[in-house]
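Here the structure is a predicted model, which is why all the values come from computation and not from measurement. Both backbone and side-chain heavy atoms feed into the values below; hydrogens, waters and symmetry mates do not. Here is the naming used below: chain letters follow the sequence lines, and residue numbers restart at 1 for every chain.
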Amino acid sequence: MSSLQPVRGTHDLLPDDSRRHRWVEEVAFAAAKRYGFGEIVTPIFEFTEVFSRTLGETSDVVTKEMYTFADRSGDSLTLRPEGTAGVARAFISNGLAQSLPLKLFYRGPMFRHERPQKGRLRQFHQVGVELLGVESPLADVEVIALAWRVLSELGLAGKVRLELNTLGDADSRAAYRDTLTAYLSDFRASLSEDSRNRLDRNPLRVLDSKDEGDRKIVEGAPLMSDSLTPSAREFFATVTDGLTQLGIPFVVNPKLVRGLDYYCHTAFEFTTTALGAQGTVLAGGRYDELIAQMGGVRTPGIGWAAGIERLSMLVDQVPAGVRPITVIPMGDALRAMAVAERLRRAGMTVDLGYSGNMKKRMARADKVNARFAVIMGEDEASRGAVTIRDLDGGTQDEVPLASLEEHLGRLL
RNA sequence: GCGGGUGUAGCUCAGUUGGUUAGAGCGCCAGUUUGUGGUACUGGAUGUCGGCGGUUCGAUUCCGCUCACUCGCCCCA
C-alpha cells in the first residue's frame with residue numbers, strides 16, 4: 001500500500017470536479033431555502049450510540065460499516081454514516097422542540113466502510129432535508145415536492161423515477177410483519193441463504209431480494225397494503241393524492257422497503273438505471289418515533305438524503321463560471337498587479353500571470369478562457385493609457401487608465 | 001464481506017509469443033514570431049510498465065501474494 005495513494009474509497013475533488021459538486025449542492029440548498037428550510041451544520045462525528053441506537057442494532061450500516069474509534073479519553077466515537085441521526089440528536093440537545101415545525105437542510109461528508117464501486121465511496125457526500133414536528137401527510141407531500149424540484153433543476157427529471165410505498169404505522173407494521181413472516185416461513189427451505197437471514201432479522205427486506213427464486217416466492221406474498229390500519233391507509237392516500245395534484249409522477253412499489261429501522265409510513269426513492277447497481281439517487285421517508293427512541297419528546301419527522309457524487313454523475317453540464325479579465329504587463333509587473341487590484345475591488349474577476357513574455361501571457365489568457373485582456377504596454381503608459389483587447393472578437397482599443405473600470409464595466 | 005475483470009507517461013491507450021536505449025495521440029515545455037492568444041509547423045521533457053516476492057542467464061511480459069480501480073452480489077445516497 002502506497003501512502004501516497006488516497007485512502008481506499010476516498011477521492012480528491014480537483015477544481016473542475018469541485019465546481020460540479022458545489023453546483024449540485026447549491027442547487028439543492030437554493031431550492032430548500034425557497035421551501036423555507038434553513039441550514040443546520042452538525043459535527044461529522046458523534047458518540048457511537050447516536051447511530052447504533054437509532055439506525056437499528058441489526059442494520060448493516062451499524063453492524064459492519066461504521067468508522068468507529070475510541071478517542072483519547074476513551075469515548076467511543078463514530079464518523080457519521082448518514083445525516084438524520086445527528087440532526088435528531090441536535091434537535092434534542094438544543095431543545096428545538098420549542099420551535100416546531102422545523103425545516104432543516106444539511107450537506108457534507110458521510111462515512112461508510114463498504115466495498116467501493118462506481119457511485120459508492122467510503123467518504124461520500126450528501127445533501128438532505130428534515131422536516132420535524134408535522135404529523136400531517138402534507139409534510140410528506142411538500143418534502144417530496146422539494147426533492148422533485150431539486151432533481152428537476154439539476155436537469156434530471158427525465159432520468160429518474162419516483163417509487164413510493166407506505167410502511168404503515170406501528171400497528172400496521174407489526175401486523176404485516178407477522179403475516180409476512182408466516183407466509184415466508186412456509187418457503188424457508190427454498191429461500192436463498194441471504195433471505196433466510198433476512199427472514200430472521202428484518203423480514204421486510206426479503207421483499208426486495210434480487211434472487212430469482214426469492215422473487216417467485218415474493219410474488220405470492222401478502223402485501224403491506226392489506227395489513228394497513230384504516231388511518232395508515234388514509235394517510236398514504238393523502239400523500240398519493242397530493243403528489244398527483246402537484247403533478248409529480250410516481251409509481252407505487254409495494255415491495256419498496258427501507259434499510260434503516262426508524263422509518264414508518266411514507267418511504268420513497270428516486271432511482272435511475274444509469275448508474276448500474278447504485279440506482280438510488282435520493283431516498284427518504286417518515287420517522288415519527290425516532291426522536292422519542294433517542295430520548296426526546298416524541299416528535300414526528302420526515303426527510304430525505306441524496307448522494308452528491310451520484311447526482312453529479314448524472315448531471316450533463318454545469319453552468320460555466322465567470323470569465324476573467326487578464327492583465328498583461330509589458331514591463332512593470334507590480335504596476336499591473338496594482339491595476340488588477342483596482343479591478344477586483346470593482347468586483348471583477350482578474351487573472352494575472354506571474355511570468356512570461358506577451359505571447360505566453362496571451363496563451364494563458366486563452367487557457368483560462370478570459371473575456372478581455374488589459375495590455376499595459378510602454379507606449380500606452382507614456383500616454384496614461386492601456387489597451388483593452390476583446391479576446392472573442394480579436395479587436396482592441398486604447399482607453400485612459402484612469403477610467404479603465406468604467407470601460408470594462410460597459411463591455412462586460 | 002463474497003465472486004469476476006483491469007492496472008504501461010499528467011490523460012486515453014498501443015506494445016513486448018521473456019532478451020540490450022518501452023511507444024502513439026492529447027496535454028506540457030521551448031522555438032518559428034525580442035508588443036498579441038485560440039490555427040499550423042519544428043524540437044524537447046516525462047515512466048520505479050501498480051507494489052512485493054518467486055521461476056529464469058534475463059521478467060514490464062510467466063506464477064503467487066498484495067494494493068487500487070471496476071462489474072455483479074450484499075447494502076445503500
Side-chain angles (χ1 to χ4, degrees), chain A residues 1-11 14 24 28 55 58-65 80-84 107-128 147 160 192-195 197-198 201-202 205 208-212 214 257-260 268-272 275-284 303-314 326 328-331 353 356-381 387-396:
Chain A
M1 175 211 307
S2 163
S3 59
L4 294 182
Q5 282 181 337
V7 173
R8 184 174 200 195
T10 66
H11 228 268
L14 273 25
V24 169
L55 304 185
T58 62
S59 70
D60 278 36
V61 170
V62 169
T63 56
K64 45 195 198 205
E65 293 176 1
R80 64 182 185 194
E82 57 97 50
T84 303
R107 52 178 151 185
M110 307 291 166
F111 306 84
R112 256 120 95 157
H113 191 107
E114 297 186 275
R115 179 139 180 188
Q117 272 181 45
K118 180 162 57 165
R120 195 167 84 181
L121 300 166
R122 289 186 173 178
Q123 175 176 337
F124 62 103
H125 299 78
Q126 291 186 328
V127 288
V160 298
S192 66
E193 193 188 329
D194 280 335
S195 284
N197 283 329
R198 286 187 275 235
R201 285 179 18 198
N202 188 351
R205 292 230 65 103
D208 65 352
S209 172
K210 283 175 191 157
D211 181 87
E212 194 84 17
D214 291 352
V257 294
R258 307 268 63 198
L260 307 177
F268 59 95
E269 267 179 29
F270 285 87
T271 60
T272 174
L275 294 178
Q278 278 64 242
T280 302
V281 124
L282 181 156
W304 51 254
I308 297 177
E309 285 84 358
R310 290 184 186 179
L311 291 173
S312 295
M313 282 189 283
L314 292 178
T326 295
I328 300 179
M330 294 314 302
N357 56 23
M358 181 146 189
K359 179 184 167 71
K360 286 260 177 358
R361 290 170 183 270
M362 285 297 285
R364 177 179 168 82
D366 212 56
K367 200 159 61 180
V368 301
N369 194 27
R371 181 66 187 82
F372 295 99
V374 173
I375 300 166
M376 301 179 61
E378 330 229 299
D379 295 355
E380 293 97 319
T387 296
I388 297 176
R389 181 171 177 86
D390 180 329
L391 292 170
D392 287 351
T395 56
Q396 57 191 51

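For A:Arg120 against B:C74, a side-chain-to-base donor-acceptor contact under 3.5 Å is present. Scanning atom types as modelled, one donor and one acceptor separated by under 3.5 angstrom connect the side chain of A:Arg310 and the base of B:C76. On a pure distance criterion of 3.5 Å, no polar donor-acceptor pair joins the side chain of A:Glu65 and the base of B:G1. In terms of polar N and O atoms assigned as donor or acceptor, the side chain of A:Arg364 never comes within less than 3.5 Å of the base of B:G37 in a complementary pairing.
Contact annotation: A:Lys360 reaches the phosphate of B:A30 (side-chain N/O to OP1 or OP2, under 4.0 Å). Distances shorter than 4.0 Å separate some side-chain N or O of A:Arg8 from OP1 or OP2 on B:A68. Between B:C74 and A:Lys210, a contact under 4.0 Å exists linking OP1 or OP2 to a side-chain N or O. For B:C71, the OP1/OP2 oxygens have a side-chain nitrogen or oxygen of A:Lys118 closer than 4.0 Å. Proximity of A:Arg198 to the phosphate of B:C75: a side-chain N or O atom is located under 4.0 Å from OP1 or OP2. The phosphate of B:U36 has neither OP1 nor OP2 within less than 4.0 Å of any side-chain N or O from A:Gln396.
Between the CZ atom of A:Arg120 and the CZ atom of A:Arg310 there is a distance of 8.0 Å, given to the nearest 0.5 Å.
Residue contacts for A:Ala363: at a heavy-atom cut-off of 4.0 Å it reaches the sugar-phosphate backbone alone, with no base atom in range. Among the atoms of the strands shown, base atoms are found under 4.0 Å from some heavy atom of A:Gly119. Residue A:Leu311 is classed as having no contact, given no heavy-atom separation below 4.0 Å to the nucleic acid. Residue contacts shown for A:Glu193 are absent, as no nucleic acid heavy atom lies under 4.0 Å away. Residue A:Asp379 is in base contact, counting any heavy-atom pair closer than 4.0 Å across all strands shown. Using a 4.0 Å heavy-atom distance criterion, A:Leu282 is classed as a sugar-phosphate-only contact.
Summarising the geometry, the separation between CG on A:Asp392 and P on B:U36 is reported as 20 Å, rounded to the nearest angstrom.
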